[in-house]
Each structure stands twice: as structure tokens, then as C-alpha cells.
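Remember, it's 1-based here, ligands and their atoms both numbered in the order they're listed. Not measured: the values here are computed from a predicted model.
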Amino acid sequence: MIGPESEGSQVRRAVCPGSFDPITNGHLDIISRASRLYDEVYVAVMINKSKKGLFEVDERLDLIREVTAEYGNVRIEAFHGLLVDFCKERDIPAIVKGLRAVSDFDYELQMAQMNNGLSGVETLFVPTNPTYSFLSSSLVKEVATWGGDVSHLVPPVVLEALNKRLRHS
Ligand code: PNS
């Protein structure tokens, strides 16, 4: 169990997990808010070998590293397997997730309960900034693929990477 082991720890850690293919302003909003609440925030990028993304995992890590550098207390890592194992290995007692709308809640609740049952890790839900309540990486990729403007939805460096990737694919 994660709880009792971390009781003596002074460093308050949390993880923001996801696919981040690519990171959006919505993700960034949640990560920046988590970074103000915790001493250390891990951004954990899931490696999914059965699903090829637009960006390789290393590219996603680099983009996240670049756009979170200013926060100072954010660490970026890739992981495969169970999120609770990632947490256990790093003594992380809390998962921070953004909730965009009620439609997110069903699945998020299932995952939160499963993760808590598996290891005692807690999930904290942060209501997404309403500006980003419709935003997802999939929608960004779809709109950008067809030439739509996503410049207000992703950081400039991600926009540049998107344009480069989509122009050359
Ligand atoms: O950005 P996404 O794709 O919505 O993120 C989903 C993610 C990575 C948070 C979720 O799929 C996950 O935690 N995967 C790791 C595997 C795992 O622990 N599965 C059990 C969840 S109850």
C-alpha cells in the first residue's frame, strides 16, 4: 500500500498521467495547477505499443519538457504497465486528473476506484478551465489535419511540431 509508506515523507508528490499525443493547453492547465499544490509533479506518459500515435513517446516527452520547464518542480517520464506501479516505485500517493465534463466522470471514476483498490493511491479531480472543456488531443489532431486553426489550443512549440508532422505525413 502506498499510504503508510509515504506517511514519513516530507515531499508531497503527485502524478498527471496520460497519452499526451500531443500535450494541449488543457493538459498544461492541469499540470500547472498541480505544480502549485504539490512539491513534485510527475507527468507520466503512457507507452501504448498497440496504438501508434502521431508523435513518438520521446517526441511527446521532449514537448512536455519544453512547455513545463518554467514550473521548476515537474518531472517527465514514460511508463508502461500499471499506473499504480509507477506510483509505488516513486512513492507517489496521488493522481491528479482534469475533469472536462460529466461524460468524463464515468470512466474516470472506474479508474480511480480500481487504482485505489489496487494500491491505496488517491485520485484528485480538478475541474478543467471552461476554456478547455471541449479540448482533447484527438480533436486537435483532427482539426489540424484538415488545416483548421488550433493555435489557441496548444503551446506554440506544439503547434510547430504539429504543422511539421502533418505537412510531412
Ligand atoms: O490521455 P489518456 O489516454 O486518457 O490517459 C489514460 C491513462 C494513461 C491515464 C490510463 O489509460 C492509464 O492509467 N493507463 C495505465 C494502465 C493502467 O494502470 N490501467 C488501469 C487503470 S484502472
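In this pair, Tyr42 and Phe86 present their aromatic rings perpendicular. The plane angle is above 60°, beyond the 30 to 60° band.
Side-chain polar atoms of Thr131 and Asn129 form a donor-acceptor pair below 3.5 angstrom.
Residues Pro17 and Lys97 are in side-chain contact: their nearest non-hydrogen atoms beyond the backbone lie under 4.5 Å apart. With a 4.5 Å cut-off on side-chain heavy atoms, Val45 and Ser19 do not count as touching.
If you look at ligand 1, the protein residues with a non-hydrogen atom under 4.0 Å away are Pro17, Gly18, Ser19, Met46, Phe79, Gly81, Leu82, Leu83, Lys97, Met111, Met114, Asn115.
Here the options are Asp85, Ile47, Asn48, the test is side-chain contact (heavy atoms from CB on, under 4.5 Å), and the partner is His80; only Ile47 passes.
Val140 and Val150 get closest at one heavy-atom pair: O-CG1, 3.9 Å.
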